Chemist: 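Below is the structure I would like to discuss, written out as structure tokens.
Small disclaimer: the values here were computed from a predicted structure and weren't measured. By convention in this document, chain letters (A, B, ...) are assigned in the order of the sequence lines, proteins followed by strands, and residues within each chain are numbered from 1.
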There are 2 protein chains.
Amino acid sequence: MGRTRTFDVNEALEAALGVFWRKGYEGASYADLVVATGVERPALYSAFGNKETLFLRALERYASNYANYVPAAIERSTARDVAEGVLFGAVELSTRFSDRTGCLGVNGALAGSDEAEQARAALIAWRADGEAALRRRFERARSEGDLPANSDCATLAAYVLAVAHGIAVQAKAGFAVDTLMAVARQALEGWPRSGNTLVAEQRL
Amino acid sequence: MGRTRTFDVNEALEAALGVFWRKGYEGASYADLVVATGVERPALYSAFGNKETLFLRALERYASNYANYVPAAIERSTARDVAEGVLFGAVELSTRFSDRTGCLGVNGALAGSDEAEQARAALIAWRADGEAALRRRFERARSEGDLPANSDCATLAAYVLAVAHGIAVQAKAGFAVDTLMAVARQALEGWPRSGNTLVAEQRL
DNA sequence: ACCTTTTCGTAACAAGCGTTATTATATCGC
DNA sequence: GCGATATAATAACGCTTGTTACGAAAAGGT
């Protein structure tokens, strides 16, 4: 019983996600959120709690609806394809919407006042989760001979995500898709070759 | 004539720089700046103008006193050494101070409200300057045969700085120096080899 | 020793922030 | 239709933001 909600909670969350994506946690004001969602302040509070919990829910949604290219890449069959999937996915997502470039996971709260500390911590933890999943995938590849036996999988995971983050920073600065795709391809140039094939290179 | 200043302008600017470095442009409040500099608000205004001009002066100082590892790297003798100098320099600076990790050029204003737009634009322009200088250096290397004739120097410059930015993001998340150094080394694995030497690789 | 000039520090400004009381409105069970 | 319940929107809350009047204090020139 009671009055029924006049707005769709998921639509409102999606709109709020967009604001956080563009302006970050602290840069997004409730005035912005009200305009973007079309929902008045008290309704946002009753539906999502305070700003921090709203941001966390937006991050959840971002992880499952936008940053899902990472788990998708992890399911690819070779470590190199995984790395490629992450990098190309980062380029694609970071440039998909011209009004919210870059990555919410990076834009959200890189630096800020003390009040943004919990949001920052949540983003750091989320990025660390992705990195751990990537590292485990590379470790599996190493055990399967898909990566050289002496590969440093933690470094490879950190490297791939570092490039992805750098791409997100550059996308936020307005870099073109083509430029960033070239960066991603360059990043794959030094990818370790599997140890059980004979490779001979020669350049003039 | 007139009363003499009781604080050192450069010391105050240095302290303000530290606050911007840690909290970014919008995250740094005048309350923070007053505490860090030991200078009251009106004195900061009379010495530096408003918050935006204070930030721009802090960025200038950052460029010349901290981010000078980039022009230093550019003076190295080979393109690979240049890339190494930028990447290792980014790691070193991003982890030099435990209370202000990462890079002011990235932390300063990646995302934010509309009021941070000019600070964002200044940071973007500054990073673009560094990238252009790096690209020109690589073009010189290419013309000297230090890089292959078909090298895409714009991509190489964007790539090196993308990794540097990604390293800065990870440093801000608390990554250890050793981890980031390993990332930087991995980033150099695919660096193009000079075209006038015969290279033969063989792995078992 | 005064007068001018510059800086200092307190205190205030309007505007914006995140958050919430409060009242009105719409829906459901009976 | 009536009472119970949940949401709607207006309006305000206290606090912080960046910025600035204002009067007190200190320095130099004549």
Chemist: How many whole angstroms separate atom CG of A/Leu54 from atom C1' of C/dG18?
Modeler: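 These atoms are roughly 12 Å apart.
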
Chemist: Does B/Thr4 reach a base, just sugar-phosphate, or nothing at all? Heavy atoms under 4.0 Å.
Modeler: sugar-phosphate

Chemist: Which of parallel (below 30°), tilted (30 to 60°) and perpendicular (above 60°) describes A/Tyr30 and A/Tyr45?
Modeler: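 Aromatic pair A/Tyr30/A/Tyr45 classed parallel.
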
Chemist: What is the separation between atom CG on A/Leu44 and atom P on C/dC17, rounded to the nearest whole Å?
Modeler: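 Answer to the nearest Å: 14 Å.
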
Chemist: Output yes when at least one side-chain N/O atom of A/Asn50 is less than 4.0 Å from OP1 or OP2 of C/dT19, else no.
Modeler: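 For C/dT19, OP1 or OP2 has a side-chain N or O of A/Asn50 closer than 4.0 Å.
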
Chemist: Phosphate oxygens OP1/OP2 of C/dG18: is one of them under 4.0 Å from a side-chain N or O of A/Tyr30?
Modeler: no

Chemist: Can you tell me the distance, in whole Å, between the CZ atom of A/Phe7 and the P atom of C/dT25?
Modeler: 20 Å

Chemist: Go through A/Tyr159 and B/Glu189 one step at a time and tell me if the side-chain contact (heavy atoms from CB on, under 4.5 Å) criterion holds.
Modeler: CA-CA 11 Å; A/Tyr159 166 70; B/Glu189 281 294 311; over 6 Å; no

Chemist: For B/Ser46, answer base if it contacts any base atom (sugar-phosphate contacts may also be present), sugar-phosphate if it contacts only those atoms, and nothing otherwise; contact means non-hydrogen atoms under 4.0 Å.
Modeler: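 The residue B/Ser46 makes no contact with any strand.
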
Chemist: Please confirm whether the backbone N or O of B/Trp21 pairs with a side-chain atom of B/Arg100, one donor and one acceptor, at under 3.5 Å?
Modeler: no

Chemist: On DNA chain D, which is the earliest and which the latest nucleotide, 5' to 3', with an atom closer than 4.0 Å to a heavy atom of chain B?
Modeler: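 So the contact region on DNA chain D extends D/dT17 to D/dG28.
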
Chemist: Report the distance from atom OH of B/Tyr45 to atom C1' of C/dG9, rounded to the nearest whole Å.
Modeler: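 Nearest whole value for this atom pair: 16 Å.
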
Chemist: Look at the side chain of A/Asn50 and the backbone N and O of A/Thr53, then say whether any donor-acceptor pair between them is shorter than 3.5 Å.
Modeler: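 Confirmed, A/Asn50 side chain pairs with A/Thr53 backbone.
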
Chemist: Within this structure, what is the CG-to-P distance between B/Asp114 and C/dG16, rounded to whole angstrom?
Modeler: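 That distance rounds to 12 Å.
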
Chemist: Hey, are B/Arg127 and B/Glu131 close enough for a salt bridge, meaning a charged N less than 4.0 Å from a carboxylate O?
Modeler: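 No, B/Arg127 and B/Glu131 are not salt-bridged.
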
Chemist: What about A/Arg3: does its side chain form a donor-acceptor pair under 3.5 Å with the base of C/dT27?
Modeler: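 No pair found.
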
Chemist: Just compare C/dA24, C/dT20, C/dC17 and give me whichever is closest to any side-chain atom of A/Pro42.
Modeler: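 Closest nucleotide to the A/Pro42 side chain: C/dT20.
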
Chemist: Classify the ring geometry of B/Tyr25 against B/Phe20: parallel below 30°, tilted from 30° to 60°, perpendicular beyond 60°.
Modeler: parallel

Chemist: Just the rounded figure in Å: distance from C1' of C/dC17 to NZ of A/Lys23.
Modeler: 13 Å

Chemist: Let me know the distance between CG of A/Leu33 and P of C/dT19, rounded to the nearest Å.
Modeler: 11 Å

Chemist: Is there a side-chain contact between B/Thr6 and the phosphate of C/dC8, meaning an N or O under 4.0 Å from OP1 or OP2?
Modeler: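 Yes, B/Thr6 has a side-chain N/O under 4.0 Å of OP1/OP2 on C/dC8.
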
Chemist: B/Arg57 side chain to B/Gly49 main-chain N or O, any donor-acceptor pair under 3.5 Å?
Modeler: no

Chemist: Assuming nearest nucleotide by heavy-atom distance, tell me which of A/Glu115 and B/Gly49 is located more 5' along DNA chain D.
Modeler: A/Glu115

Chemist: Answer with base, sugar-phosphate or nothing: what part of the nucleic acid does B/Ala47 contact at a heavy-atom distance below 4.0 Å?
Modeler: nothing

Chemist: When you match B/Gly2 and B/Glu40 each to their closest nucleotide on DNA chain C, which lands nearer the 5' end?
Modeler: B/Gly2

